[in-house]
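This structure is a prediction, so every number in the text was calculated from the model and none was measured. Each chain gets a letter, A, B and so on, in the order its sequence line appears, and its residues count up from 1. Computed from heavy atoms alone, side chains included, the values below leave out hydrogens, waters and symmetry copies.
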There are 2 protein chains.
Amino acid sequence: MFSQAMQDYLKAIYKLQEQGGTVSTSALAEAMGVAAASATGMVKKLAGLKLVRHHPYQGVVLSKAGEKMALEVIRHHRLLELYLAEALGYSWDKVHEEAERLEHVISEEFEEKIFQALGRPTHDPHGDPIPAKDATLVVAEHDRLSDLEPGATGVIRQVSDSDAEMLRYLGIRGLVPDAAVEVLDKAPFNGPLTVKSGETSHVLGREVASHIRVEARATDDA
Amino acid sequence: MFSQAMQDYLKAIYKLQEQGGTVSTSALAEAMGVAAASATGMVKKLAGLKLVRHHPYQGVVLSKAGEKMALEVIRHHRLLELYLAEALGYSWDKVHEEAERLEHVISEEFEEKIFQALGRPTHDPHGDPIPAKDATLVVAEHDRLSDLEPGATGVIRQVSDSDAEMLRYLGIRGLVPDAAVEVLDKAPFNGPLTVKSGETSHVLGREVASHIRVEARATDDA
DNA sequence: AGATTTGTTTAGGCTGTCCTAAAATATCCG
DNA sequence: CGGATATTTTAGGACAGCCTAAACAAATCT
């Protein structure tokens, strides 16, 4: 009905929209790993199907229908990630890749079966919220760990799933959703953060720390 | 690497070969639900890749490599069928369709994970043997239920998974692998069989009964 | 403002898989 | 044997999704 390629484009547009407002063709092409011309072509097709609105040279916006489709794919993806981790014992750095392929082929029944088996979960292993069946999504905005100041404490809520290598690195160190953390030090000039979690402390570059979202506890120095 | 279409063709060739010796292009096209010309085209491509041998107007035969590929896909399929039934509670008439799509996208890791989770099984829910990792397959030839004579007893070993409707019908009646059966009566002129399983007896048409494979117990009237 | 750089779209092609229609080959039967 | 019938292959085309190269539009710099 809707091709795999179309689903992938819609998902990519959704994610870009989430971050940076308007979505340019080149950003979309970049995200999809295709040439800019290919993205233009697909955007025109999606616009023809009323899944996106396209104003040439201005960017792409998902329509209501397009957003719904994107969220359905994302729901599949995140449920699968969680299922692979929980039920099959996948390590959290490997779930993304497998889910990426499975998300396009599972039936609604499969979706429902794993949803129930997992106890109607709300978040995937990286802390990303799972869209509901009716394609609604509760987004909680948390601070980047890299934005916290020394002395701040909080709980990790999300870790970006974009880089498997990084996930492996953080997983080994216990820096996963629900872990409590405290910022001990923050070196100047975009230097690394020293973060304590449990008994041990870790030194994290700004780049990595910006991929970790934390729910900060109210600081007492107010 | 090898496209989904190619995998499906190889699988179809394997199954046709299993049944009827040489595989004609038209039989292949029929099985794949495509025009004969399309099958010819794909066969030529597969022959170019040394996955099949093709003698025009004579039929197609899988090469060693082609058979291996086919068995790998079938292994995926049957493991998935069993996993869907056992782990996710799918009814056995629905597993085929879902497995059909999943078989092409799961990784070797996924395969291994479900293989272990299922306790290294040897047969799928329909009683079909699951090819081993090294692409070897133990085939046990059992009698068609329709070939047994009144008085014969045995155990159901396989039920053809080709028709979901039929599987539902038989499942309700407990005519599943490992069920003990006894042929009470066999009407002449290709008439129905009366079969007892457990406490109840069922009347089955020849067509249906031919889709059930039974391991016959030695009869005592010898 | 004019020129350069950057971003976007159009034009034309390639590959994979399918199709129909027509030609070629094999089989069957009087 | 030879013509009718059935099967198989060839020829030519469609469509999806990708590509590169070239044309076009917008933004930026001096």
Side-chain angles (χ1 to χ4, degrees), chain A residues 1-17 19-62 66 69-70 73 100-101 103-105, chain B residues 1-14 16-17 19-62 65-66 69-70 73 100-101 103-105:
Chain A
M1 186 188 43
F2 291 114
S3 73
Q4 187 160 320
M6 287 164 62
Q7 291 180 18
D8 279 331
Y9 273 94
L10 290 172
K11 195 173 61 155
I13 294 168
Y14 182 92
K15 293 198 168 175
L16 289 170
Q17 226 169 250
Q19 300 162 11
T22 74
V23 178
S24 68
T25 318
S26 51
L28 182 55
E30 156 92 44
M32 290 296 298
V34 300
S38 306
T40 298
M42 181 56 86
V43 162
K44 286 178 81 172
K45 175 187 286 192
L46 293 174
L49 292 166
K50 306 282 186 197
L51 294 170
V52 304
R53 276 183 298 280
H54 182 217
H55 298 290
Y57 293 96
Q58 304 268 107
V60 205
V61 190
L62 287 177
M69 280 243 26
V73 178
E100 199 68 21
R101 281 172 286 114
E103 66 188 12
H104 302 295
V105 304
Chain B
M1 187 186 44
F2 291 114
S3 73
Q4 187 160 321
M6 286 164 61
Q7 291 179 18
D8 280 331
Y9 274 94
L10 290 171
K11 196 173 59 156
I13 295 168
Y14 183 92
L16 289 171
Q17 225 171 249
Q19 300 164 10
T22 73
V23 177
S24 68
T25 316
S26 51
L28 182 54
E30 157 93 43
M32 291 294 298
V34 300
S38 306
T40 298
M42 180 56 87
V43 162
K44 286 179 82 172
K45 175 187 286 194
L46 293 174
L49 292 166
K50 306 282 186 197
L51 294 171
V52 303
R53 276 184 299 280
H54 182 215
H55 298 289
Y57 295 96
Q58 305 266 109
V60 206
V61 189
L62 287 178
M69 281 243 26
V73 177
E100 199 68 21
R101 281 172 285 115
E103 66 188 12
H104 302 294
V105 303

Could you tell me the separation between the [atom1] atom of [X] and the [atom2] atom of [N], rounded to a whole number of Å?
X	N	atom1	atom2	result
Leu28(B)	dT7(D)	CG	C1'	14 Å
Met32(A)	dT8(C)	CE	P	16 Å
Tyr9(B)	dG16(C)	OH	P	14 Å
Gln7(B)	dT17(C)	CD	P	11 Å
Glu30(B)	dT8(D)	CD	C1'	16 Å
Leu10(B)	dT17(C)	CG	P	11 Å
Met6(B)	dT15(C)	CE	P	16 Å
Gln4(B)	dT17(C)	CD	C1'	12 Å

Shortest non-hydrogen contact from [X] toward [Y]:
X	Y	result
Gly59(A)	His54(A)	O-CD2, 3.5 Å
Val23(A)	Ile13(A)	CG2-O, 4.0 Å
Thr25(B)	Ala36(B)	CG2-O, 3.9 Å
Ala31(B)	Leu16(B)	CB-CD1, 4.2 Å
Tyr14(B)	Ala70(B)	CB-CB, 3.8 Å
Leu28(B)	Ala12(B)	CD1-CB, 3.9 Å

**Q.** Side-chain heavy-atom pair Lys11(A), Glu103(A) within 4.5 angstrom cut-off
**A.** yes
Q.
Side chain of Ser38(A) only, heavy atoms from C-beta on: which candidate in dT17(C), dC19(C), dC18(D) is closest?
A. dC18(D)
Q. Nearest of dC18(D), dT20(D), dG16(C) to any side-chain atom of Ala5(A)?
A.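 So the side chain of Ala5(A) is nearest to dC18(D).
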**Q.** Qualifying residue, where the test is side-chain contact (heavy atoms from CB on, under 4.5 Å) with Phe2(B) and the options are Val73(B), Leu10(B), Leu49(B)
**A.** Leu49(B)
Q.
So, OP1 or OP2 of dT17(C): does either fall under 4.0 Å of a side-chain N or O from Ser3(B)?
A.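 Answer yes for this pair, as a side-chain N or O of Ser3(B) is under 4.0 Å from OP1 or OP2.
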Give each protein N/O atom lying under 3.5 Å from an N/O atom of nucleotides 9-13 of chain D, with the pair distance.
residue, atom, partner, partner atom, Å
dT9(D), OP1, His54(B), NE2, 2.8
dT9(D), OP1, Tyr57(B), N, 3.3
dT9(D), OP2, Thr25(B), OG1, 2.8
dT9(D), OP2, Thr40(B), OG1, 3.2
dT10(D), OP2, Lys44(B), NZ, 2.7

Q.
Main chain of Leu62(A), side chain of Gln17(A): is a donor-acceptor contact present, judged purely on distance under 3.5 Å?
A.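 Side chain of Gln17(A) to backbone of Leu62(A), a donor-acceptor pair under 3.5 Å: yes, one is there.
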Q | Terminal axis angle for the helix from dA1(C)-dT30(D) to dG30(C)-dC1(D), five pairs an end, nearest 10 degrees | A |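 Between the first-five-pair axis and the last-five-pair axis there is 10°.
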